[in-house]
Amino acid sequence: MALTTGFRIIAQFCQALKPAAWEPSSEEIQSLQTYTRRLQALEGMIAQERNRLHVTSQELQADLEEHIQFLEAQVQSVKKRLLEHIQAHDHLQQQHQRLTTIPGLGKDSAARLLAEIGSVEHFPSARQLAAFAGVTPQERQSGTSVRGKTRLCKIGNPRLRKALYFPALSMIRCCPQIKLFRERLLAAGRTRCRWLGRSCTS
């Protein structure tokens, strides 16, 4: 019964708003995602093994260090193949080059953003892209009496938010325009964004 109600609600939503039909990512984007997500997995394993170095007996530390070296070699191999994949597709290469012109965005971060976004042409506005990433502000309000601090909605692509994290920190430090924009927001009383700790505003 609940399932039928759910389908009915979805049907009414589609009839009223007529959203665009979902389209799967292109094969080259899907391949790019496999590379970037494999990188993320390898980096997670390296972090885990490095943490174990501090709590593992002396007898096993050599094994851990050898495994870390193996994983780091795998990271370099995947990065090399990832860039070769981008260079083999003109559309990916052009977008990747454009992304790397943004202050704070290196080749690795640009590849991860490209893998999760696919193509910016799919988003009619910057706000829609921000909503897809889950970095749009969300007010906390109940009636007229409860007003909480504005926070990021975080209803979006968590991998894209993660890929934006370190570039955002770098831009705050190194890009004068972003730094001034942040300072203006803070001066206007905007709350600090928990997504970037104390380094950004919502």
| said: According to side chain to side chain donor-acceptor pair (under 3.5 Å), who are the partners of Arg37, at least two apart in sequence or on a separate chain? | reply: Glu116
| field | Worked check of salt bridge (charged side-chain N to carboxylate O under 4.0 Å, His left out) between Glu72 and Arg50 | value | CA-CA 12 Å; Glu72 288 174 339; Arg50 284 179 175 161; 2.4 Å; yes
| said: Looking at every non-hydrogen atom in both residues, tell me the closest pair between His122 and Ile117 and how far apart they are. | reply: ND1-O, 4.4 Å
| query | Is there a donor-acceptor contact under 3.5 Å from the side chain of His96 to the main chain of Lys107? | reply | yes
| Can you list the residues that meet the side chain to side chain donor-acceptor pair (under 3.5 Å) rule with Glu84, with sequence neighbours excluded? | Lys80
| task | Ignoring hydrogens and angles, tell me if any N or O in the side chain of Arg112 forms a donor-acceptor pair with the backbone of Thr36 under 3.5 Å. | result | no
| Side-chain ion pair, Lys162 and Glu43, N-O less than 4.0 Å | no
| message | Taking side-chain contact (heavy atoms from CB on, under 4.5 Å) as the definition, give me every residue that meets it alongside His91, ordered by chain and number, with sequence neighbours left out. | response | Gln95, Ser119, Glu121
| query | Rounded to the nearest 0.5 Å, what separation is found between the CD atom of Gln30 and the OH atom of Tyr35? | reply | 13.5 Å
| said: Quiz question: by atom type and distance under 3.5 Å, do the side chains of Arg81 and Ser77 form a donor-acceptor pair? | reply: yes
| field | Qualifying residues under ring pair (Phe, Tyr, Trp, His ring centres under 6.0 Å), relative to Phe123, sequence neighbours excluded | value | Phe132
| Spacing of CD belonging to Gln74 relative to CG belonging to Leu39, to within rounding of 0.5 Å | 10.5 Å
| remark: One should read off an interatomic distance between Arg182 CZ and Ile178 CD1, to the nearest 0.5 angstrom, of 11.5 Å
| request: Over all heavy atoms of both residues, which pair between Pro158 and Gly156 is shortest? Give the atoms and the distance, please. | output: CD-O, 3.1 Å
| field | Sequence-distant partners of Glu183, salt bridge (charged side-chain N to carboxylate O under 4.0 Å, His left out), two or more places apart | value | none
| message | Quick check for you: to the nearest 0.5 Å, what is the distance between Leu64 atom CG and Thr56 atom OG1? | response | 4.5 Å
| task | Could you list the residues that satisfy ring pair (Phe, Tyr, Trp, His ring centres under 6.0 Å) with His89, not counting sequence neighbours? | result | His85
| query | Does any N or O in the side chain of Gln93 come within less than 3.5 Å of the main-chain N or O of Ile86, such that one atom is a donor and the other an acceptor? | reply | no
| remark: Scanning both residues in full, the closest heavy-atom pair of Gly104 with Ser170 reads CA-OG, 3.6 Å
| note | Shortest non-hydrogen pair, Leu92 vs Leu114, comes out as O-CD2, 3.6 Å
| message | Quick one: does any side-chain atom of Ser109 pair with a main-chain N or O of Gly106 as donor and acceptor, under 3.5 Å? | response | no
| message | Do Leu105 and Thr100 make a side-chain contact, defined as non-hydrogen atoms from C-beta onward lying under 4.5 Å apart? | response | no
| said: Using 0.5 Å steps for rounding, measure from the CD1 atom of Ile102 to the CE atom of Met171. | reply: 6.5 Å
| query | Residues in side-chain contact (heavy atoms from CB on, under 4.5 Å) with Ser125, at least two apart? | reply | Arg127, Gln128
| message | Arg52: which residues meet the salt bridge (charged side-chain N to carboxylate O under 4.0 Å, His left out) condition with it, sequence neighbours left out? | response | Glu49
| request: Taking the side chain as every heavy atom from C-beta outward, state whether Leu32 and Glu28 have any atom pair closer than 4.5 Å. | output: no
| task | Could you list the residues that satisfy side chain to side chain donor-acceptor pair (under 3.5 Å) with Arg173, not counting sequence neighbours? | result | none
| said: Does anything in residues 56-69 form a salt bridge (Lys or Arg N to Asp or Glu O under 4.0 Å)? List the pairs, not counting sequence neighbours. | reply: none
| note | side chain to side chain donor-acceptor pair (under 3.5 Å) filter on Gln97, not counting sequence neighbours, yields none
| Can you name the closest pair of heavy atoms from Ala110 and Leu99 and give their distance? | O-CD1, 3.5 Å
| Euclidean distance, Phe70 CZ relative to Ile46 CD1, rounded to 0.5 Å | 10.5 Å
| request: For Asn157 and Leu160, work out which heavy atoms get closest and say how close. | output: OD1-N, 3.0 Å
| field | For Glu27, salt bridge (charged side-chain N to carboxylate O under 4.0 Å, His left out) partners two or more places apart | value | none
